[in-house]
Engineer: 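After the structure tokens below, expect a handful of questions from me.
Note on naming: letters A, B, ... go to the chains in the order of the sequence lines (proteins, then strands), and numbering restarts at 1 for each one. Since we're looking at a predicted model, the values are computed, not measured.
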Amino acid sequence: MHIRIYGLALLLAFSINQAADAASGHIDIPKYKDWTFTGVTGTFDKHELQRGFQVYREVCATCHSLKYIAFRNLEDLGYTENEIKALAATYSVIDGPNDAGDMFERPARTSDHIPGPYANDQQARVANGGALPPDLSLITKARGNGLEGSGSNYVRALLEGYTSPPAGFTVMNGMYYNKYFPGHQIAMPNPLSDGVVSYADGSPETLVQYTKDVTAFLTWTAEPHLQRRKETGLKVFVYLAFLVVFSYLAKKKVWSKLH
Amino acid sequence: MLAPDSKPAGKGVIAWIDHRLPIFTFMNHELNEYPTPRNLNYFWNFGSLSGVMLMIMIISGIVLATHYTGNTQMAFQSVERIMRDVNGGWLIRYIHANGASMFFIVVFVHMFRGLYYGSYKPPREVLWGLGVLILLLMMATAFMGYVLPWGQMSFWGATVITNLFSAIPWIGEDLVTWLWGGFSVDNPTLTRFFALHYLMPFLILGVVVLHLIALHRFGSNNPLGIDIKEKKDSIPFHPYYTIKDLFGLAVFLLVFAGFIFYQPNYLGHPDNYTPANPMVTPAHIVPEWYFLPFYAILRAFTLNIHIPFTDIMLIDAKLGGVICMFGAVMVLFFLPALDKHPVRSAKFRPYYRPFFWLFAIVCVILGYVGSQPPEGNMVIIGQICTAWYFIHFLVVLPVLSRIEPVKSLPHSISAPVLQQPARA
């Protein structure tokens, strides 16, 4: 009977998974195996994140904001404080009002959030044929089915999913065919291809490398504490494992007095 | 009043206080000496686990509330601030978000245990009723809590569920406007949901105290479903069940931690990481998993009921669905009146037993149906299962009460236990 109850619980968990699958419209998203951040001991590769940030800055940032990330957060990527200060200073932000009551422009500080490409959503829509490029801070958690890595798989697949449409498929004006996008018609033109970003560290300048790097970076922006979470989890598991064993032994001992 | 000759607990200050406020006598009586059947199995762990979950939710929730902002312009951002900038904020939020699911899991197991072993039967009808009331309060609390992060599912879930009240004839529309504090789910709705989400756990706590008072009146039921008859049928709660509950808690926390640290977003919906947008409706609006069976029951009703041979509509499909959904919880209050069979435990009810399992399976199927778009086979499967949900309570149980023979029960709890070789 115990087994049956656990079976029911499992079935229930399964049904939740199904719900998410149904919502994604039955497109098979590839399950990439080369992530560094999945699994119990997953970690971020700082070099990869830096490359991903470069791809974001040089390509994605043209249209997409990253509003939950402040320059100071980039320390997680292995940049020094001075590097971050220098980087922030290349952006300008509106501050104020000053004593004269005027708003003014100043170079960004490390405490500022990364400024987006548009002043507001309306401006973003006008510049993109009516479509709103979503903020990317949480994109890898806002896609997929809730399982860790599923949103990252989706984002990466999407970036690699620009192909020519199958025969008989008409793509609407201003839309692009993507085999992983729900409905297969996406307003974003293919952003990446071999050689568009020059890496300083000698990594291959290929589409596949770009998509992996930028998706890893966006996984970090969505879940900056991922590594910390998994490390803490391991300690908690060791502690709980001891608690399970010793509370079981104690229980056995106490109950052995009964006859 | 305390009998004048009763001995106060402890010595010195403790005894002085206890003589005036017999709190120590009370605790000793209810937690230490409290006689408990000696044959409780591990399904009896889920009561104390529910209590632990309630405390975890209240404590983590108060911490979150100190950082959260209940305003539509800032709610989503404040949750992200908790996740990114508050020390340990990610941990507290993941504990709270996954804790809601864990709370429902342990409460569902606790309730199915009650159904299997007849824990709702005399003299524990009020105990059961208070439990159903706790479930109802939990559902309201969880629903409002899910709205607070102000993501897409928060907004659209709130819109769908509050709109249910518009099905009530005549006053429905006005009632919904009143609930919203406006003409759509908006800032007033969010603000009041935050206030109520903070209030309701303390109402739950109050009902839990009543639940415990009712429990301690007659003590726990047990797998045999027979009363404690002699001294050796029972053992003191401490240390036997305190240590057993601790072991159960440790195992449970292992599962809980698995979700928190390794799959923290599996039980939520990815759409809730997109800020609420009243202009964009998600492809499928799905409630949290613990509401799915009820959601399936809500959608099962697709028929408008007319007065025969006229166009006058009595109950439209929407109202019918709402009545069914609330009825699915309300019928639980009447369970002690519907199942009058004198034998408590399904162990000694061979007729009832298969129906119990059928009911459990029907609930799981309803959960699955609730997760799917209401199309094709899902509609008819949902309707059959919804019908069976009610048939189980309204037909099967009353009929079994009449026709199921009463088997002879074990003489006492200790008799069969002591005959078996000792088990840990």
Engineer: Counting distance only, does the side-chain N/O of B:E80 pair as donor-acceptor with the main-chain N or O of A:Y68 below 3.5 Å?
Structural biologist: no
Engineer: Go through the atoms of A:V244 and report whether side chain, backbone, both or neither lie under 4.5 Å from a heavy atom of chain B.
Structural biologist: both
Engineer: With a 4.5 angstrom heavy-atom cut-off, is it the side chain or the backbone of B:Q152 that approaches chain A, or both, or neither?
Structural biologist: neither
Engineer: Tell me, yes or no, whether the heavy-atom count around B:R353 atom CZ, taken from other residues, nucleotides or ligands under 6.0 Å, exceeds 12.
Structural biologist: yes
Engineer: Where is the tightest heavy-atom contact between A:G144 and B:P270, given as atom of each residue plus distance?
Structural biologist: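 Taking every non-hydrogen atom into account, O-CG, 3.2 Å.
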Engineer: Identify whether the distance between the nearest side-chain nitrogen and carboxylate oxygen of B:D85 and A:R72 falls below 4.0 Å.
Structural biologist: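 Salt bridge flag = yes for A:R72 with B:D85.
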Engineer: Any chance you could lay out the side-chain contact (heavy atoms from CB on, under 4.5 Å) test for B:T242 and A:K251, step after step, and finish with the verdict?
Structural biologist: CA-CA 9 Å; B:T242 41; A:K251 188 244 162 198; over 6 Å; no
Engineer: Do side-chain atoms of B:Y262 reach the backbone of A:K230 as a donor and acceptor pair under 3.5 angstrom?
Structural biologist: yes
Engineer: Under the rule for side chain to side chain contact (heavy atoms under 4.5 Å, CB included), what residues qualify as partners of B:A276, not counting sequence neighbours?
Structural biologist: B:W150, B:F155
Engineer: Tell me, side chain or backbone of A:A70 under 4.5 Å from chain B's heavy atoms, or both, or neither?
Structural biologist: neither
Engineer: How long is the span from the CZ atom in B:R38 to the CG atom in A:L258, to the nearest 0.5 Å?
Structural biologist: 5.0 Å
Engineer: Is the count of non-hydrogen atoms from other residues, nucleotides or ligands lying under 6.0 Å from B:N87 atom CG greater than 12?
Structural biologist: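 Counting other residues, nucleotides and ligands, CG of B:N87 stays at 12 neighbours or fewer.
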Engineer: According to side chain to side chain contact (heavy atoms under 4.5 Å, CB included), who are the partners of B:E230, at least two apart in sequence or on a separate chain?
Structural biologist: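 Testing B:E230 for side chain to side chain contact (heavy atoms under 4.5 Å, CB included), a comparison that skips the adjacent residues, returns B:K232, B:D233, B:S412, B:S414.
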Engineer: As an exercise: rank B:L91, B:D271, B:I235 by heavy-atom pairs under 4.5 Å with chain A and give me the winner.
Structural biologist: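 Of the options given, most contacts go to B:I235.
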Engineer: Given that the side chain runs from C-beta out, which part of B:L254 has a heavy atom under 4.5 Å from chain A: side chain, backbone, both or neither?
Structural biologist: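 The answer is both parts of B:L254.
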Engineer: Heavy atom to heavy atom, less than 4.5 Å: which residues from residues 120-141 of chain A reach chain B?
Structural biologist: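 Those residues of residues 120-141 of chain A which have a heavy atom under 4.5 Å from chain B are A:S137, A:L138, A:K141.
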Engineer: For A:D112, check side chain to side chain contact (heavy atoms under 4.5 Å, CB included) against everything at least two apart and list the hits.
Structural biologist: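 With sequence neighbours excluded, A:D112 shows a side chain to side chain contact (heavy atoms under 4.5 Å, CB included) to A:F71, A:V93, A:R106, A:A108, A:R109, given in chain and number order.
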Engineer: For chain A, which of B:P275, B:P239, B:P264 has the most heavy-atom pairs under 4.5 Å?
Structural biologist: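 That would be B:P264.
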Engineer: Report, as yes or no, whether the 6.0 Å neighbourhood of atom OH on A:Y91 holds more than 12 heavy atoms from other residues, nucleotides or ligands.
Structural biologist: yes
Engineer: Step through it carefully: locate the ring centre of B:F247, locate the ring centre of A:W255, and say whether they are under 6.0 Å apart.
Structural biologist: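 Ring-ring flag for B:F247/A:W255: false, centres at least 6.0 Å apart.
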Engineer: A:R229 and B:I260: which non-hydrogen atoms are nearest, and at how many Å?
Structural biologist: CD-O, 3.7 Å
Engineer: Please identify which of these residues, A:V40, A:L234, A:T232, meets the side-chain contact (heavy atoms from CB on, under 4.5 Å) condition with B:F261.
Structural biologist: A:T232
Engineer: Using a cut-off of under 4.5 Å on heavy-atom pairs, state which of A:N73, A:L243, A:L226 scores highest against chain B.
Structural biologist: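 Highest number of heavy-atom pairs under 4.5 Å: A:L243.
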Engineer: Decide side-chain contact (heavy atoms from CB on, under 4.5 Å) for B:Y240 and A:K257; before the verdict, give the C-alpha distance in whole Å, the side-chain angles of both, and the deciding distance to 0.1 Å.
Structural biologist: CA-CA 10 Å; B:Y240 294 103; A:K257 287 182 218 149; 4.2 Å; yes
Engineer: Looking only at atom types and distance, does a side-chain atom of A:H225 sit under 3.5 Å from a main-chain N or O of B:R84, one as donor and one as acceptor?
Structural biologist: yes
